[in-house]
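Structure record follows, encoded as structure tokens.
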Amino acid sequence: MIKITFPDGSVREYAKGITPLQIAESISSRLAQDILAASVNDAEWDATRPINEDASIKLFKWSDTEGKHAFWHSSAHLLAEALQEMYPGIQFGIGPAIENGFYYDVDPGTAVIKESDLPAIEKKMAELAARKAELVRQDITKEDALKMFGDRGETYKCELISELQDGTITTYTLGSFTDLCRGPHIPSTAPIKAIKLLSVAGAYWRGDEKRKQLTRIYGITFPKKKELDEHLALLEEAKKRDHRKLGRELELFMFSQTVGQGLPLWLPRGAALRDRLEQFLRKIQKRYDYQQVITPHIGNKQLYVTSGHYAKYGKDSFQPIRTPEEGEEYLLKPMNCPHHCEIYKAFPRSYKDLPLRFAEFGTVYRYEQSGELHGLTRVRSFTQDDAHLFVRPDQLKDEFLKVMDIISIIFKALKFDNFEAQISLRDPNNTEKYIGSDENWEKAEAAIVEACQEKGLNAKVEYGEAAFYGPKLDFMVKDAIGRRWQLGTIQVDYNLPERFELEYTGSDNQKHRPIMIHRAPFGSMERFVAVLIEHTGGKFPLWLTPDQVVVLPISERFNDYAREVAAELAANDIRAIVDDRNEKIGRKIRDNELKRIPYLLIVGEKEQENREVSVRKQGEGDLGVKKITTFAADLVQEVEQMVNNSVI
RNA sequence: GCCGCAAUAGCUCAGUUGGUAGAGCACUGCAUUCGUAAUGCAAAGGUCGCGGGUUCGACUCCCGCUUUCGGCUCCA
């Protein structure tokens, strides 16, 4: 007998060799039906795999992440089985479960799998799933595995096997398809009832662009058709919040083929919104003793040779601008830091001057790969809400904490609650690719980790993700369909102060090297606005939105009064427009609701007589009548409250 | 940059084995002067992304390019 401990701490005895599924049956047959996978002593475990020693177990259902994971992983095998039947000779790479669904990377040889082929593959999968075949686990020696996959000509699998430790290799067989796999899997394909293959894409083998590009097929499956339908409906809803679509509809920004790829043009409404975001940050930065600077959009090539960026990125950037002068070359600036370093250098600096904080909304130009461009989130010209802080080593942590405060103020003000924080540190096994002394790196990394702890920030630590010049803390926010984008960033830099030979005179009257912190709470104005659009669905906070109020005259007879109202609101710094089209009031309401204007003021005979407006709030309907002056005062107060609550 | 999809009026999209294009909305004009999510009528609007080829004839088939979209790689 063996002792099985359950998550609630209770212990029961079972015969040796019992499976999690049998344990579930011993509790209730209903539970047994729902079990997809398990963990045994925190190791992932098939529901049908025997347990031979005392263990603590967890049982996973569809409602558990681990359950979904096994379900989708098995679905990937089902996809592979279908592909194997439909495309003889197809080779398989890897096929894992992902956050929402699964994919399989395959090499179909000379065949091409297109999006239009997906329905047929789905059909085949459904057919195979209906056989309710079991997924059978088997231990296999390295030698046998190499022979088995080698005989089938599976070069990708053989490459994977050759890197595995003998004795740890397992395969799973589903119908006619046997795959190298660690598991765990669901007991059989029986619960896979709803299947949708979403897209095909290219993906380099092992993520290496120098190796062959395989065909990646993305899909998702569910135990119930209803859940699939709901998932697809959710994706449809998300598409409506796509910033590229809303950017056009709300007249915020555009692109022009003639201007060039990835070069956004901000329309009046978008520019106004962006400007308000900038003013908002300027105000905060002023409180934190930042000083605004302004630097040109180009810089002498030598500047970037000094910074080291030319050597690293020169070839893949916009190429130098030549002048009539022989040998003279300028680069569009890909970042603002070198310019700010020169400002630092312009005067002798004392330890009493530090920290120095130079801020600039600096537009930079980077030649991003064409395939990587994406709406406003990945562009070739963008404006960083940049600042460079020059600090003494003893000020590093404190200054880091202050930057975190600024980011926190902004995220709170714009209700970005679901951000993820990531600390990027050196790859401990490959320290030579980083610049700077071990001692400095260790200090800086420790400072970031401690700062996060002090702030109670739950940050994920990623090794090997640091920039070559220093560790960093990034804030990531998801877009409408779950893609992660880096917004705020704080980076410690020992490299540039070194390269630019920045100095300050210490209290000991000796020269010392300052540490530099790069930081951008928004990240870039472009990306931030993009994510903001997707988060709000275009319903921006009242203080930020382009048009706060639209006045809707009932008929043309009241156009003059409507304009008077708008003028009075404008006198109170309220952004109001008039919809004086010759349309019925119902039509005007509909159109302006769709434009997401927060307040609609309807004016007709009654309102004109009493100097009133009939107030309607976006999405909430009629709020009744108010005096113009009252409405204006209320709105001004609403905006002030928003700003005061967030900027303290 | 790579793999795959795509590109038709300002926008969203039809266009059925190749016979030189159509709708709704928007825009414009006229009528209407209206009370809380779409008033009616009319007119106008397209080098079917660009370039080449096949063909008597190409929006449609083929090739190249540009751009977009889904991914991959990259992201100072």
Side-chain angles (χ1 to χ4, degrees), chain A residues 103 105 107-108 112-118 198-218 239 242 244-245 248-249 255-258 260-262 304 307-314 316-317 333-338 364 366-375 377-380 382 384 465 467-470 472 474 481 483 485-486 489 491 493 495-496 518 523-524 527 552-559 581-594 600-607 614-619 621-625:
Chain A
Y103 67 78
D105 283 349
D107 180 355
V112 177
I113 300 175
K114 297 177 184 170
E115 217 133 301
S116 54
D117 300 322
L118 296 183
L198 297 161
S199 65
V200 282
Y204 298 107
W205 170 235
R206 314 203 81 176
D208 184 346
E209 66 176 321
K210 293 189 182 66
R211 304 197 64 177
K212 180 152 186 182
Q213 189 158 45
L214 306 181
T215 303
R216 175 171 296 179
I217 302 178
Y218 284 91
K239 275 189 199 153
D242 190 316
R244 294 166 295 192
K245 180 177 147 66
R248 164 172 279 287
E249 286 174 6
F255 290 90
S256 146
Q257 260 195 51
T258 316
Q261 252 189 306
Y304 304 100
S307 73
H309 291 108
Y310 187 78
K312 198 165 167 69
Y313 297 100
D316 304 318
S317 300
K333 69 173 167 187
M335 79 285 297
N336 305 299
C337 5
V364 297
R366 297 181 185 177
Y367 192 76
E368 305 291 4
Q369 295 185 52
S370 61
E372 188 54 44
L373 300 173
H374 181 97
T377 49
R378 196 76 195 276
V379 287
R380 285 179 171 167
F382 57 97
Q384 296 178 313
E465 289 292 310
F468 69 93
Y469 51 76
K472 58 179 180 171
D474 291 327
I481 63 168
R483 286 178 290 223
W485 295 99
Q486 178 212 303
T489 181
Q491 313 188 356
D493 187 351
N495 177 43
L496 286 183
H518 310 246
S524 83
R527 184 177 287 177
L552 313 180
I554 291 280
S555 81
E556 286 179 354
R557 283 168 48 213
F558 308 104
N559 281 357
R581 292 175 304 161
N582 180 7
E583 291 290 350
K584 291 190 166 179
I585 195 66
R587 176 52 177 274
K588 292 186 187 182
I589 287 167
R590 179 183 155 77
D591 288 349
N592 288 291
E593 287 268 350
L594 290 175
L600 283 60
L601 302 184
I602 291 141
V603 296
E605 194 161 2
K606 284 178 284 180
E607 288 80 5
S614 185
V615 183
R616 195 187 153 100
K617 196 163 185 178
Q618 207 270 347
D622 196 351
L623 297 185
V625 185

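Just so it is clear: chains get the letters A, B, ... in the order the sequence lines come, proteins before strands, and each one is counted from 1.
Counting heavy atoms from C-beta outward, R581(A) and D591(A) have side chains that approach closer than 4.5 Å. Counting heavy atoms from C-beta outward, E209(A) and Y204(A) have side chains that approach closer than 4.5 Å. Residues M335(A) and Y313(A) have side chains not in contact (no heavy-atom distance under 4.5 Å, counting atoms from C-beta outward). R366(A) places a side-chain heavy atom less than 4.5 Å from the side chain of F382(A). A heavy-atom distance below 4.5 Å is found between the side chains of Y304(A) and P334(A).
Across all strands, E605(A) comes closer than 4.0 Å to base atoms (heavy-atom distances). When heavy atoms are screened at a 4.0 angstrom cut-off, K210(A) is found touching no nucleic acid atom at all. Using a 4.0 Å heavy-atom cutoff across all strands shown, S614(A) reaches at least one base atom of the nucleic acid. Using a 4.0 Å heavy-atom criterion, one finds that I585(A) contacts the sugar-phosphate atoms exclusively. Contacts of G604(A) with the nucleic acid, taken as non-hydrogen atoms under 4.0 Å apart, include base atoms. Among the heavy atoms of the strands, none lies under 4.0 Å from Y103(A). Among the heavy atoms of the strands lying under 4.0 Å from K584(A) is at least one base atom, whether or not backbone atoms are also near. Backbone-only contact: A203(A) has heavy atoms under 4.0 Å from sugar-phosphate atoms and none from a base. Counting non-hydrogen atoms under 4.0 angstrom, S116(A) reaches nothing in the nucleic acid. Within the nucleic acid shown, F255(A) has no heavy atom closer than 4.0 Å to any nucleic acid atom. Residue E465(A) is classed as having no contact, given no heavy-atom separation below 4.0 Å to the nucleic acid. Using a 4.0 Å heavy-atom criterion, one finds that G207(A) contacts the sugar-phosphate atoms exclusively.
The side chain of L594(A) lies closest to A37(B), out of A37(B), C72(B), G70(B). Here C74(B) is the nucleotide among C74(B), G4(B), A37(B) with the atom lying nearest to any side-chain atom of Q369(A). When each of G70(B), A37(B), U36(B) is scored by its nearest atom to the side-chain atoms of I602(A), the top-ranked nucleotide is U36(B). Taking every side-chain heavy atom of P334(A) into account, A76(B) is the closest of A76(B), G71(B), G1(B). Listed candidates were A76(B), U36(B), G70(B). Nearest to the side chain of D622(A) is U36(B). With U39(B), A76(B), U33(B) as the candidates, the nucleotide lying closest to the side chain of E556(A) is U33(B). Side-chain proximity of R557(A) to the nucleotides C72(B), G4(B), C34(B) is greatest for C34(B).
Note: NZ (K114(A)) to C1' (A6(B)) measures 13 Å, nearest angstrom. Regarding D242(A), its CG atom lies at a distance of 12 Å from the P atom of U12(B), rounded to whole Å. The CZ atom of F382(A) sits 13 Å away from the P atom of C75(B) (whole-angstrom rounding). Protein atom CG of L373(A) is 13 Å distant from nucleotide atom P of U66(B), rounded to whole Å. The distance from atom CD of Q384(A) to atom P of C75(B) is 16 Å, rounded to the nearest whole Å. Regarding K212(A), its NZ atom lies at a distance of 11 Å from the P atom of G4(B), rounded to whole Å. Between Q213(A) atom CD and G4(B) atom C1' the separation is 9 Å, expressed in whole Å. The nearest whole Å value for the distance from the CG atom in D474(A) to the C1' atom in A76(B) is 13 Å.
Ranked by how close their nearest RNA chain B nucleotide is to the 5' end, S199(A) and Q618(A) are led by Q618(A). Mapping Y218(A) and E368(A) onto RNA chain B by nearest heavy atom places Y218(A) closer to the 5' end of the strand.
Between the side chain of Q257(A) and the base of U67(B) there is no donor-acceptor pair of N/O atoms closer than 3.5 Å. At a cut-off of 3.5 angstrom, counting only N and O atoms as typed in the model, there is a donor on one side and an acceptor on the other between the side-chain of R616(A) and the base of U36(B). In the interface, the side chain of Y367(A) is not paired with the base of G1(B) through any donor and acceptor atom under 3.5 Å apart.
Taking the P atoms as reference points, U60(B) lies 15 Å from A9(B), given to the whole Å. Going from the C1' atom of C56(B) to that of U20(B) covers 14 Å, rounded to whole Å. Straight-line distance between the P atoms of C69(B) and U12(B): roughly 12 Å, to the nearest whole Å. As rounded to the nearest Å, C13(B) and A6(B) have P atoms that lie 14 Å from one another. The same atom, P, is picked in G57(B) and in C65(B); the two are 26 Å apart, to the nearest Å. Of the P atoms belonging to U47(B) and U39(B), the separation is 32 Å, rounded to the nearest Å. Rounded to whole Å, the C1' atom of A37(B) lies 37 Å from the corresponding atom of G49(B). The separation of G18(B) from C72(B), taken at their C1' atoms, amounts to 38 Å, rounded to a whole angstrom.
Under the 4.0 Å criterion applied to side-chain N and carboxylate O atoms, D242(A) and R244(A) are assigned as salt-bridge partners.
Ring geometry for Y469(A) versus H518(A): interplanar angle of 30 to 60°, hence tilted.
Side-chain atoms of D117(A) come within 3.5 Å of backbone atoms of K114(A) as a donor-acceptor pair (strictly under, hydrogens ignored). Of the possible donor and acceptor atoms, none in the side chain of K212(A) sits under 3.5 Å from a partner among the backbone N and O of W205(A). R378(A) places no side-chain N or O within 3.5 Å of a backbone atom of L373(A) that could act as its donor or acceptor partner. A donor-acceptor distance shorter than 3.5 angstrom exists from the side chain of R380(A) to the backbone of E368(A), with no hydrogens or angles considered.
Listed pair R244(A) / C69(B) meets the phosphate criterion, a side-chain N or O lying under 4.0 Å from OP1 or OP2. Between R378(A) and C75(B) there is no side-chain polar atom (N or O) within less than 4.0 angstrom of OP1 or OP2. Within the structure, every side-chain polar atom (N or O) of R216(A) is placed at least 4.0 Å from both OP1 and OP2 of G4(B). At least one side-chain nitrogen or oxygen of S370(A) sits closer than 4.0 Å to the OP1 or OP2 atom of G1(B). For the pair Q261(A) and U68(B), the criterion of a side-chain N or O lying under 4.0 Å from OP1 or OP2 is met. Applying the 4.0 Å criterion to OP1 and OP2 of G71(B), one finds that H374(A) has every side-chain N and O outside that range. A sub-4.0 Å separation between OP1 or OP2 of C72(B) and a side-chain N or O of R206(A) is absent. For the OP1/OP2 pair of U33(B) and a distance below 4.0 Å, the side-chain nitrogens and oxygens of R581(A) include no atom meeting the criterion.
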Exercise for review: Toss me the dot-bracket line for RNA chain B: Watson-Crick and G-U wobble, both under 3.5 Å, 5' to 3', using | for pairs to another strand and [ ] for crossers.
Suggested key: ((((.((..((((.....[..))))..((((.......))))......(((((..]....))))))).))))....
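For Y313(A) and A76(B), the ring-to-base geometry satisfies the stacking test (centroid distance below 5.5 Å, interplanar angle below 30°).
Counting heavy-atom neighbours within 6.0 Å of E249(A) CD, excluding the residue itself, gives a total above 12.
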